Amino acid sequence: PSRGLGDVYKRQEDTLKGIPQHIADNAFDAVNELLGIERLSIAVYNEAAHRLEYASNPLEGAAENKSVWKDLMQRCFEEQRYLSESGMQALPLIVKAGNSSQCIGVLCLVRSEAQQESDHLLLELIARYVAIVIFNAVVKLATKYRDIETAQDEARRASWEDSVLHVQNMAVSYTHLRAHETELHL
C-alpha cells in the first residue's frame, strides 16, 4: 500500500506543478493583448521543496535566457518588490489574508513594446489577479494535500500503536495464563 501512496503523492505533485503552466498558457493571450508581451513566466513557491517552481509561455526560446529571468524572479521573490531590467518586468505575487500578507511567487513579463507609465497600474492589477488565482489553485490545494497526508500519517501511527498494544496484551495474557497453569500444577 505504501507504493500506492507514493504514486498518489507523485500525481499530486504533478498536478500542483501543472497548474502554474496552465495559468501561464491561458493568461498569455489576454495579457499580450493588453500589454504586448513576448513571454509570460510564473514562479510559484513550493513550501515542501523550499524553492520556486517555474512555468513559462511560450516555452520555446525560454531556455536561451533562462538563468537571467530565473535570477530576476528569484530576486523579486526574495525582495518582494517590483524589478525591471533588460525588457523584463518581475512583480511579486502577494496575497493578503486578514492583517498578514504572503508572497507566493512571481509574475515575469518579457515586453515586446516600449513600457508606458500607465502600464504599471495594469501590471499591478494583473499580478494581484494572478496571485489570487495561484493562491486558490495551488497554495490551498497543496495545504489540503499536506493535511490529508498528515491525517494518513496519524492514522498509520495510531494503527501501529494499536498493533503494538495488542501484541503486548497477548504477551501479558500468555504470561498470566502460564502463571495460572503453574499454580494449578503445584
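Quick caveat: nothing in here was measured; it's all calculated off a predicted structure. Just the heavy atoms: all of them, side chains too, but no hydrogens, waters or symmetry mates, feed the values below.
Nearest heavy-atom pair, F28 versus E38, reported as atom, atom and distance to 0.1 Å: CE1-O, 3.7 Å. Contact detail for S101 and K96: the closest heavy-atom pair is CB-CG, 3.8 Å. In plain terms, the two heavy atoms of A24 and I42 that are nearest each other are N-CD1, 3.8 Å. Of all the heavy atoms in P92 and Y82, the pair that sits closest is CD-N, 3.8 Å.
Summarising the geometry, atom CD belonging to Q89 is positioned 7.5 Å from atom CG belonging to D119; distances are rounded to the nearest 0.5 Å. Interatomic distance, CG of N32 versus CZ of R111, reported as 10.0 Å (0.5 Å rounding). Note that CZ of R39 is 9.0 Å distant from SG of C108, once rounded to the nearest 0.5 Å.
At a threshold of 4.5 Å between non-hydrogen side-chain atoms, the residues Y45 and R51 do not count as touching. By the 4.5 Å heavy-atom criterion applied to side chains, M88 and V68 are counted as neighbours. Between P20 and E53, the closest side-chain pair of non-hydrogen atoms is not below 4.5 Å. Looking at heavy atoms from C-beta onward, L107 lies in side-chain contact with L40 at the 4.5 angstrom threshold.
Looking at L123, N57, I37 one by one, the single match for side-chain contact (heavy atoms from CB on, under 4.5 Å) with V31 turns out to be I37.
In terms of modelled atom types and a separation under 3.5 Å, the side chain of N26 and the main chain of H22 share a donor-acceptor contact. The main-chain N or O of S56 is found under 3.5 Å from a side-chain atom of Q21 such that the two form a donor-acceptor pair.
For the salt bridge (charged side-chain N to carboxylate O under 4.0 Å, His left out) test, no residue two or more places apart in sequence or in another chain qualifies with D29. Residues passing the side-chain hydrogen bond (donor to acceptor under 3.5 Å, both in side chains) test with Q80, sequence neighbours excluded: none. Applying the side-chain contact (heavy atoms from CB on, under 4.5 Å) criterion to Q74, with sequence neighbours excluded, gives L52, Y54, E78. Every residue meeting the side-chain hydrogen bond (donor to acceptor under 3.5 Å, both in side chains) condition with D71, not counting sequence neighbours, appears here in chain and number order: R75. With sequence neighbours excluded, the residues satisfying salt bridge (charged side-chain N to carboxylate O under 4.0 Å, His left out) with R81 are E79.
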Would you be so kind as to tabulate the donor-acceptor pairs closer than 3.5 Å made by side chains of residues 124-134, with sequence neighbours excluded?
residue : atom : partner : partner atom : Å
E124    : OE2  : H120    : NE2          : 2.9

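No single ILVMFWY cluster, assembled from side-chain heavy atoms under 4.5 Å apart, contains both I94 and L91.
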